[in-house]
Undergrad: 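What follows is a structure written as structure tokens; I'll ask about it next.
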2 protein chains.
Amino acid sequence: MPTTESPSDFIQPMLKGPSAQLFASLSLAIHEHKLLPGTKLGEDELSDIYKVSRTVVRTALQALSHSELVELKRNRGAFVSQPTVREAREVFEARALLEPRTARSAAERMTEEALERLEKHISAEHDALAAGQSGRALRLSGQFHIEISRIADQSTIAGFIERLVARSSLIIALYWKRQSALCEKHAHHALVDALRRGDGADAEELMKSHLLDILSALDLREVAQPAINLKDILGK
Amino acid sequence: MPTTESPSDFIQPMLKGPSAQLFASLSLAIHEHKLLPGTKLGEDELSDIYKVSRTVVRTALQALSHSELVELKRNRGAFVSQPTVREAREVFEARALLEPRTARSAAERMTEEALERLEKHISAEHDALAAGQSGRALRLSGQFHIEISRIADQSTIAGFIERLVARSSLIIALYWKRQSALCEKHAHHALVDALRRGDGADAEELMKSHLLDILSALDLREVAQPAINLKDILGK
DNA sequence: TAAAACTTAATTGTATACAATCTTGTGCGC
DNA sequence: GCGCACAAGATTGTATACAATTAAGTTTTA
């Protein structure tokens, strides 16, 4: 397997085995924008690269499809998903609905151990940025959100948030317009502060504005399709 | 295929083919409580019953696993899921968070066509009850909720609601304590009325109380596990 | 020369064979 | 009769072969 980093933080429908490892590798590559939206993931190609049979590849691709990171097109192949503008809006609307209250809930359940985990996340994120690993930083900032949802200890909603974060990664790959890194530097710090203080209301407000900030950096203008008349353009 | 009714309303990750059909058949059987929580779904057995190869069965089972209707246990097989009491609570908490606002949104977007679809759902539900098909009535009542989420036209949240409704079906199979049918007869009528009037506030309130009603019919007491001393009980 | 028809190659969908793991049954010793 | 070790059988995980479909290339037709 080319990838050595196995993020146990990703949804893993299969418990173990080569298909789980392949799922994790591809998931990581997608989250870190090494595999960009629209990329075709051919079964034989992956089978060659990862030295597993097509069976394993297919299982992993199906799981990625169910994680909504990959779109399977029957008889045509698997492609890294390309969320539409509309879907981008929906995803962030759903995040705005779920994450602030989750942050509040997390604040009410805070432990030293959980705080430590969050701080490690932020630290790792900054390290990745300092090392010029923007993809890794991006993934870690997404996981920061997932970590908060886990602290809130409502696994059904945490599962949804995990999906939304995954989807957001693709949306960001397609629509991000800001030069700087994904999550504004201070936002995560401020969140951790609020969580440390057990201040649910503050955590909730900070998460709201944090999500709005992310959303504001996405270029979600509906691009009017110009009525192209090729004959007029190319005709002589 | 033993089942002729193919509910296009279920999540179908695979677009077509025998695995999609098998997925639909098993999904329907689970939703209608023909396959109960804990039931083992053996690959060879399903392969024999449905006259498809194990490959197709495995694909369908993986999809069912991702729909959270089935739990895959590595090297042990696939089983219809058995949500815990805790998870039951979480699912209904998530439903209480998502569905009322969705009902409000649906009320604001109501069309004659959508109304007609809802009324057909209710009618079919009553027909099933009258015919003593409680499983079918149960599935239809769940789909009524899904239909509302579709009218609300937020596909990300509709997808979550669909998952929650699926999970609810299992929860109901395990924990339902009321003799009567799942959804109180008047509740769906009242909802359709509010939706017809475009009364979002009313729709939201009715959905809230409807979900509370369902929740109240579930026996979610944490069962204290008695410390059973078999020697004392059986010893002479 | 462009479009349509046909052929070939590539890829995905499915079946089947083999390997790995788990469960159940049997035999043996105490 | 019980517990343990081992064997056999059943089932799942994976690899490979074959079938079906799509994409790309080539030839024919107007």
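Atoms considered below: every heavy atom in the structure, side chains included; atoms not considered: hydrogens, waters and symmetry mates. Proteins come first, then strands; the chains are lettered A, B, ... in the order of their sequence lines, and each starts at number 1.
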Undergrad: In whole angstroms, how far is the P atom of C/dT11 from the CD atom of A/Glu45?
TA: 8 Å
Undergrad: To the nearest angstrom, how far is A/Lys40 atom NZ from C/dT11 atom P?
TA: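 Result: 7 Å.
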Undergrad: Side chains of A/Arg139 and A/Gln143: donor-acceptor distance under 3.5 Å anywhere?
TA: yes
Undergrad: Can you measure B/Phe79 atom CZ to D/dT12 atom C1' for me and round it to whole angstrom units?
TA: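 Nearest whole value for this atom pair: 11 Å.
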Undergrad: Distance check needed: D/dT11 C1' versus B/Lys73 NZ, whole Å only.
TA: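 It works out to 15 Å between those atoms.
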Undergrad: Quick one: do A/Trp176 and A/Ile214 satisfy side-chain contact (heavy atoms from CB on, under 4.5 Å)? Show the steps, please.
TA: CA-CA 9 Å; A/Trp176 196 252; A/Ile214 300 176; 3.9 Å; yes
Undergrad: At a cut-off of 3.5 Å, list every protein nitrogen or oxygen paired with a nitrogen or oxygen from nucleotides 7-10 of chain C, distance to 0.1 Å.
TA:
none

Undergrad: Both A/Asn75 and B/Asp44 contact DNA chain D. Which one's nearest nucleotide lies toward the 5' end?
TA: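 Here B/Asp44 is the residue nearer the 5' end.
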Undergrad: Rounding to an integer number of Å, can you tell me how far A/Gln21 CD sits from D/dG13 P?
TA: 15 Å
Undergrad: Between atom CD in A/Gln62 and atom C1' in D/dG13, what is the gap in whole Å?
TA: 15 Å
Undergrad: Give a yes or no answer on whether the side chain of A/Ser65 reaches the backbone of A/Glu71 with a donor-acceptor pair at less than 3.5 Å.
TA: no
Undergrad: Evaluate the criterion side-chain contact (heavy atoms from CB on, under 4.5 Å) for residue pair A/Glu162 and A/Arg150; output intermediate values, then yes/no.
TA: CA-CA 10 Å; A/Glu162 201 158 332; A/Arg150 290 206 178 118; 3.3 Å; yes
Undergrad: Does either side chain, that of B/Glu90 or that of A/Ser155, offer a donor lying less than 3.5 Å from an acceptor on the other one?
TA: yes
Undergrad: Output, in order, the C-alpha distance, side-chain angles, deciding distance and verdict of side-chain contact (heavy atoms from CB on, under 4.5 Å) for A/Leu35 and A/Phe79.
TA: CA-CA 10 Å; A/Leu35 288 178; A/Phe79 301 82; over 6 Å; no
Undergrad: Do you know the tightest heavy-atom contact between A/Leu61 and A/Ala78?
TA: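 Nearest pair, atom of A/Leu61 first, then A/Ala78: CD1-CB, 3.9 Å.
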Undergrad: Determine whether more than 12 heavy atoms belonging to other residues, nucleotides or ligands lie under 6.0 Å from atom CD of B/Glu45.
TA: no
Undergrad: Rounding to an integer number of Å, can you tell me how far B/Asp48 CG sits from D/dT12 P?
TA: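 That distance rounds to 12 Å.
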Undergrad: Do nucleotides 14-19 of chain C as a string where each nucleotide becomes B, S or -: B if the base has a protein heavy atom under 4.0 Å, S if just the sugar-phosphate does, - if no protein is that close.
TA: BBBB--
Undergrad: To the nearest angstrom, how far is A/Leu72 atom CG from D/dT21 atom P?
TA: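 Taking atom P of D/dT21 as the reference, CG of A/Leu72 is at 18 Å.
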Undergrad: Given the rule in the side-chain contact (heavy atoms from CB on, under 4.5 Å) test, do B/Phe92 and B/Leu220 qualify, once you have shown the distances and angles that lead to the verdict?
TA: CA-CA 11 Å; B/Phe92 277 88; B/Leu220 298 182; 5.7 Å; no
